[in-house]
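Index from 1, following the sequence.
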Amino acid sequence: MNTMFIILLLGLTALQATAQERNKGYSMQKRSEQRAMQRFTLKEWMEAKDRRALMDMWLSINTPSPYEFALAGSYIQYSLDSGGLKDAKKSSEGTVDAYATLVGVTAQYQNNLEEQFNDITGIFNLRVFGNTIQGTHLTFHYGLRTRTENKNLYRLNQSFPAVTFQLYMTKYFGVQGHYRIYLPTSETFYGDTTADELNAGVYIEYGPVRIFGDWFEERQTSTKAGAGSFLKRNGSKVGLKLFF
């Protein structure tokens, strides 16, 4: 009886030792596999580097450029009202816009042969709503217009704040408008001068090309030696604008 008990005890001990060895082997194998999964290799680093390079290339191709440019030219027909006398006039104007994200600058030039003056305008722009000049946006401006009479009778420097609103009604059609108020200034020919300008119109476009038509009105009041004068120009602008 004692002999059988001893044999049974030895057998159980041997089985337990075998099971422990098997569990130990399994645990070591599993831990080794887990370490292999976390192992850093040169091959994997090179493959990850290649994937990052491809992703950077895709982003550079598909991310819009922060720089925007536009070039416009317009033909102007208007009526000049100078205190009861109205004359039909015409002129031409060119505009260049350059933006970097939300800020930009604008340069304008108008050559008015019939009234014999030139306008050179520089504007700083800050877009407060919208993410592109070729989209719905609200933009504030501050600029300086220098009007020079061709016969050197006067040189009128007028600084102004302004606001522009542009709204796309459909993908290819929209409305736009801007308002400027020229701050009071003084010069020898006109005297103390104030002015403002309102512009509103519509446009259609296809891709980078826009065709627009605007109505505008510019009012100017001057006082010199106690005498006042008033000028009003109102009419239309038609033109073409290209976006880059």
Side-chain angles (χ1 to χ4, degrees), residues 72-97 104-128 137-167 175-203 212-239 241:
S74 58
Y75 176 72
I76 307 171
Q77 291 182 306
Y78 65 96
S79 173
L80 174 62
D81 184 350
S82 55
L85 299 176
K86 292 185 178 181
D87 296 316
K89 303 289 185 180
K90 58 182 179 288
S91 183
S92 59
E93 185 178 72
T95 303
V96 178
D97 298 298
V105 292
T106 298
Q108 290 181 329
Y109 177 74
Q110 181 180 163
N111 183 23
N112 194 316
L113 295 177
E114 297 198 356
E115 289 194 62
Q116 298 185 344
F117 68 76
N118 297 321
D119 280 351
I120 299 176
T121 306
I123 309 171
F124 173 77
N125 313 307
L126 176 62
R127 189 170 58 241
V128 296
H137 66 78
L138 176 66
T139 304
F140 292 129
H141 317 271
Y142 193 84
L144 174 66
R145 183 180 74 176
T146 299
R147 175 165 290 179
T148 305
E149 206 271 340
N150 291 345
K151 296 180 180 180
N152 296 319
L153 294 177
Y154 64 88
R155 182 184 179 91
L156 187 61
N157 293 313
Q158 297 170 291
S159 58
F160 60 88
V163 60
T164 296
F165 180 64
Q166 177 175 276
L167 174 64
V175 296
Q176 61 182 354
H178 78 253
Y179 179 70
R180 293 181 184 178
I181 179 166
Y182 294 97
L183 301 180
T185 187
S186 181
E187 56 84 43
T188 57
F189 184 80
Y190 279 110
D192 298 329
T193 300
T194 60
D196 67 349
E197 179 184 331
L198 178 64
N199 190 103
V202 298
Y203 58 85
F212 62 88
D214 294 342
W215 169 87
F216 78 97
E217 181 172 281
E218 179 183 342
R219 299 176 293 266
Q220 177 177 305
T221 301
S222 301
T223 303
K224 182 178 180 181
S229 63
F230 178 74
L231 292 176
K232 183 172 72 172
R233 300 174 178 89
N234 59 10
S236 62
K237 297 181 181 180
V238 293
K241 192 169 189 176

Trainee: Contact between Thr139 and Val163 at the side-chain level, heavy atoms closer than 4.5 Å - yes or no?
Mentor: no
Trainee: Please find the pair of heavy atoms, one from Tyr179 and one from Glu197, that lie closest to each other, and give the distance.
Mentor: CD1-O, 3.2 Å
Trainee: Are side-chain heavy atoms of Asn157 and Arg147 found at a separation under 4.5 Å?
Mentor: no
Trainee: Side-chain contact, heavy-atom cut-off 4.5 Å: Phe160 with Asp196?
Mentor: no
Trainee: If I take atom OG from residue Ser79 and atom CD from residue Glu217, how far apart are they, to the nearest 0.5 angstrom?
Mentor: 10.0 Å
Trainee: Working note: Lys241 + Asp97, criterion salt bridge (charged side-chain N to carboxylate O under 4.0 Å, His left out); need CA distance, chi angles, decisive distance, verdict.
Mentor: CA-CA 10 Å; Lys241 192 169 189 176; Asp97 298 298; 3.7 Å; yes
Trainee: Would you give the length of the straight line joining atom CG of Asn112 to atom CZ of Arg233, rounded to the nearest 0.5 angstrom?
Mentor: 7.0 Å
Trainee: Taking ring pair (Phe, Tyr, Trp, His ring centres under 6.0 Å) as the definition, give me every residue that meets it alongside Phe212, ordered by chain and number, with sequence neighbours left out.
Mentor: none
Trainee: Between Phe165 and Val175, is there a side-chain heavy-atom distance shorter than 4.5 Å?
Mentor: no
Trainee: Side chains of Glu115 and Tyr78: do they bring a donor and an acceptor to under 3.5 Å?
Mentor: yes
Trainee: Heavy atoms only: give me the nearest Leu167-Tyr203 pair and the separation to one decimal.
Mentor: O-OH, 3.5 Å
Trainee: Using 0.5 Å steps for rounding, measure from the OH atom of Tyr142 to the CG atom of Asn125.
Mentor: 14.0 Å
Trainee: Would you say the side chains of Asp192 and Ser186 form a donor-acceptor pair under 3.5 Å?
Mentor: yes
Trainee: Below 4.5 Å, heavy atoms only, C-beta onward: do Thr121 and Gln158 meet side chain to side chain?
Mentor: no
Trainee: For Glu149 and Leu153, which heavy atoms make the closest approach, and how far apart are they?
Mentor: OE1-N, 3.3 Å
Trainee: For Thr164, which of His178, Arg127, His141, His137 qualifies under side-chain hydrogen bond (donor to acceptor under 3.5 Å, both in side chains)?
Mentor: His141
Trainee: Determine, for Tyr182 and Arg145, whether the Lys NZ or Arg CZ falls below 6.0 Å from the six-membered ring centre while staying within 45 degrees of the axis.
Mentor: yes
Trainee: What are the two closest heavy atoms between Ser92 and Gln110, and how far apart are they?
Mentor: O-CG, 3.2 Å
Trainee: For residues Leu231 and Tyr190, report the shortest heavy-atom separation together with the two atoms involved.
Mentor: CD1-OH, 3.8 Å
Trainee: Hey, is the main chain of Asn111 close enough, under 3.5 Å, to the side chain of Ser91 for a donor-acceptor pair?
Mentor: yes
Trainee: Decide yes or no on side-chain contact (heavy atoms from CB on, under 4.5 Å) for Arg219 and Phe230, but give the supporting numbers first.
Mentor: CA-CA 8 Å; Arg219 299 176 293 266; Phe230 178 74; 4.2 Å; yes
Trainee: Could you walk me through whether Phe117 and Arg155 pass side-chain contact (heavy atoms from CB on, under 4.5 Å), step by step?
Mentor: CA-CA 9 Å; Phe117 68 76; Arg155 182 184 179 91; over 6 Å; no
Trainee: Please round to the nearest 0.5 Å and tell me the distance separating atom CG of Leu183 and atom OG1 of Thr194.
Mentor: 10.0 Å
Trainee: Would you say the side chains of Gln77 and Ser236 form a donor-acceptor pair under 3.5 Å?
Mentor: no
Trainee: Any side-chain heavy atom of Gln220 within less than 4.5 Å of one from Leu156?
Mentor: yes
Trainee: About how many Å separate CG of Leu144 and CD1 of Ile120, when rounded to the nearest 0.5 Å?
Mentor: 10.0 Å
Trainee: Please round to the nearest 0.5 Å and tell me the distance separating atom CD of Glu218 and atom NZ of Lys232.
Mentor: 12.5 Å
